[in-house]
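All remarks here apply to the structure that follows.
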Amino acid sequence: MKIIDINTCFGFDCIDDADLSLETLCDMLDRNRVSKAFTFSRRGIYYHEQGNRETLEAVKKNSRLSPVATINPRDYFSSGNIIENLIEQGFYIFRFFPDEQGWPIDHFLPFTNILKKLNQYRIVVILPAMKGIGKITLIAEMMKEYSFPVILESQPGLAEIAAAMEINKRLFFGIHYFRACMKLEKIIEVMGADRLIFGSGAPVFMFESVFNIVKNADISEPDRDSILHGNISGLLEGLQ
Amino acid sequence: MRIIDIHQHFGPWPFSSGWNIERAMKHLKRVGVETAVGSSPEALCYDFRSGNRNLNSIVEQHDELFGYLVLNPNYPEMSLEELEKYCDNPNFIGVKIHPDYHGKSLDSEAYLLLYEQIENLGWPVLSHTNPGDVSRVRTVVKNFRNLVFIMGHMGTGGLIQPFRGFKEAVQLAQNSKNVYLEISTMPQTRIIEYAVKTAGSEKILFGSDFILDCPSFMYPMVTEAKITDDEKKNILYRNAERLFELPEGFQ
């Protein structure tokens with residue numbers, strides 16, 4: 001079974017003594033025969049320059065890994081050339097962390113400036129699960145202005161996800177938080193499987209556990225394949 | 001390995017649209033859950049009496065399922081009546097409380113009144129527990145030394161903050177003979193390994209929070225943990241058989 005994992009990371013956890021090392025991540029990926037994993041250094045959540053450097057180093061060491069860039073909008077000046085440099089270095093997926101970095105997603109000019117700049121390139125944006133009902137609605141509406149696809153690693157309020165998918169066709173959903181039983185089945189029944197993307201959250205979360213959600217879902221094999229690799233492959237075609 | 005899942009929910013949540021008993025049973029079979037103990041979401045979020053009644057109808061149609069009676073501390077008299085009504089009903093084998101949904105701290109006076117009766121009945125109590133609840137649980141078990149108190153989500157509050165509070169809960173389970181830990185939403189095997197090493201595998205029970213979460217998400221946390229097969233069996237089913245007085249291999 002081919003697996004592409006869009007949601008992995010490595011680094012340090014300042015709250016808990018979890019082992020989030022690159023070695024642990026790679027062990028998990030090896031054990032589960034993951035073909036490709038997109039990853040970022042957690043340092044980059046706070047210090048994007050050093051973090052992105054660590055990400056590139058990790059990717060060089062392990063051919064199965066592909067890089068995800070992080071930018072902290074609180075340390076972004078549009079006069080600089082951060083984005084151009086990252087694109088040049090081979091990044092084509094950009095991930096943001098409004099909760100950890102402490103900025104409001106709907107009302108923060110540096111972020112708007114980043115999005116405008118990114119809109120000039122063929123890239124993909126990943127936004128994380130943010131707390132609060134209505135966040136998916138907000139992002140779906142906000143991102144309609146931009147031509148790049150957005151993958152949302154969001155907690156699944158099914159009604160909100162379905163409505164967001166209807167108004168924004170470039171919105172995709174990571175399945176990590178579709179842990180509630182039968183929610184994957186339900187969303188596929190309502191919206192199809194074409195915009196669901198596999199991401200484990202490893203090594204913060206155990207790979208096998210999140211994989212089991214897809215493996216054990218009562219869905220067709222073509223839908224399972226789409227989630228595990230087909231959809232993301234299609235999305236990234238021509239970007240690499 | 002056999003699985004008895006002691007933290008499930010049978011019935012629809014107001015914020016979920018995936019519930020369907022046939023599909024749920026099919027799913028539990030597919031992921032290998034042999035027996036499950038669950039409560040009614042309706043009883044937690046709305047009317048506990050009608051929720052308990054509806055749960056009873058679900059459980060009595062499925063030999064693999066047992067129920068928790070939900071008690072609401074805002075209605076102490078009605079709660080005691082519910083206990084009286086269902087105490088001899090074999091479909092129910094424990095009590096579920098949810099201090100968040102019912103807006104009362106788990107060591108509040110209204111709860112203490114209920115614990116007294118539950119302790120007399122001998123049923124285990126499964127409570128949703130958050131970081132910060134450890135001192136409250138300590139107060140409860142000091143007052144009710146024969147009450148089996150199971151800390152849902154190992155004191156972490158579940159999905160929202162899965163890494164906070166588990167160490168304090170594990171230490172309490174280590175030091176209190178009647179405190180147990182239920183593992184749903186724990187995201188890493190090392191948490192289980194720590195709990196086994198500190199509190200002992202006899203103090204840990206397998207739970208998934210189904211249908212909010214999946215037993216197959218939690219299963220590898222136990223099976224892949226660096227603990228012995230005997231310890232895995234304790235967590236996955238033996239402790240549940242003992243605490244809920246299920247006959248060994250009753251299926």
Side-chain angles (χ1 to χ4, degrees), chain A residues 7 13-21 24-25 27-28 31-32 99 129-134 154-163 175-191 200-219, chain B residues 5 8-10 12-33 36 41 131 156 158-167 183-194 208-225:
Chain A
N7 183 12
D13 187 328
C14 67
I15 292 172
D16 198 39
D17 57 357
D19 176 9
L20 306 181
S21 65
T24 299
L25 170 64
D27 281 353
M28 275 189 191
R31 209 163 59 218
N32 293 284
D99 283 344
M130 282 174 292
K131 295 178 189 90
I133 307 289
S154 191
Q155 303 222 17
L158 284 187
E160 198 180 5
I161 287 176
I175 61 91
H176 177 83
Y177 282 104
F178 282 74
R179 284 162 51 180
C181 283
M182 299 175 288
K183 282 207 166 171
L184 200 55
E185 286 93 327
K186 183 71 187 175
I187 199 72
I188 290 173
E189 195 181 302
V190 178
M191 299 303 295
S200 68
V204 177
F205 288 83
M206 196 178 174
F207 181 92
E208 289 86 341
S209 291
V210 183
F211 177 65
N212 276 350
I213 299 168
V214 185
K215 191 179 106 185
N216 291 315
D218 189 12
I219 57 179
Chain B
D5 185 338
Q8 295 209 346
H9 301 284
F10 310 138
W13 286 92
F15 46 80
S16 160
S17 36
W19 170 260
N20 165 315
I21 181 66
E22 285 76 31
R23 282 168 82 167
M25 295 309 296
K26 200 173 148 194
H27 189 86
L28 292 181
K29 197 171 176 188
R30 190 181 315 124
V31 300
V33 173
T156 64
L159 192 57
I160 301 156
Q161 296 180 324
F163 296 109
R164 295 193 182 173
F166 77 86
K167 284 187 181 165
I183 65 169
S184 63
T185 68
M186 294 301 103
Q188 293 177 353
T189 51
R190 71 182 174 92
I191 297 175
I192 309 303
E193 288 155 9
Y194 172 78
S208 69
D209 212 3
F210 178 88
I211 67 165
L212 298 177
D213 218 322
C214 183
S216 73
F217 180 88
M218 289 313 303
Y219 186 63
M221 300 300 162
V222 181
T223 55
E224 301 298 317

Problem - For Met182(A) against Ile211(B), the heavy-atom pair lying closest together - result: CE-CG2, 4.0 Å
Tell me, side chain or backbone of [X] under 4.5 Å from chain B's heavy atoms, or both, or neither?
X         : answer
Val190(A) : neither
Ala18(A)  : both
Glu185(A) : both

Practice task
Please confirm whether the backbone N or O of Met206(A) pairs with a side-chain atom of Glu224(B), one donor and one acceptor, at under 3.5 Å?
Solution key: no
Practice task
Look only at the side chain of Gln188(B) and the backbone of Phe205(A), and say whether a donor-acceptor pair between them is shorter than 3.5 Å.
Solution key: no
Practice task
Salt-bridge test for Asp218(A) and Arg30(B): reply yes if a basic N is under 4.0 Å from a carboxylate O, no otherwise.
Solution key: yes
Straight-line distance of [X] [atom1] to [Y] [atom2], nearest 0.5 Å:
X         : Y         : atom1 : atom2 : value
Ser209(A) : Met221(B) : OG    : CE    : 3.0 Å
Lys215(A) : Ser216(B) : NZ    : OG    : 7.5 Å
Asp213(B) : Phe178(A) : CG    : CZ    : 13.5 Å
Asn212(A) : Tyr219(B) : CG    : OH    : 10.0 Å

Exercise for the section: Could you look at Arg23(B) and say if it's the side chain, the backbone, both or neither that has a heavy atom under 4.5 Å from chain A? Expected result: both
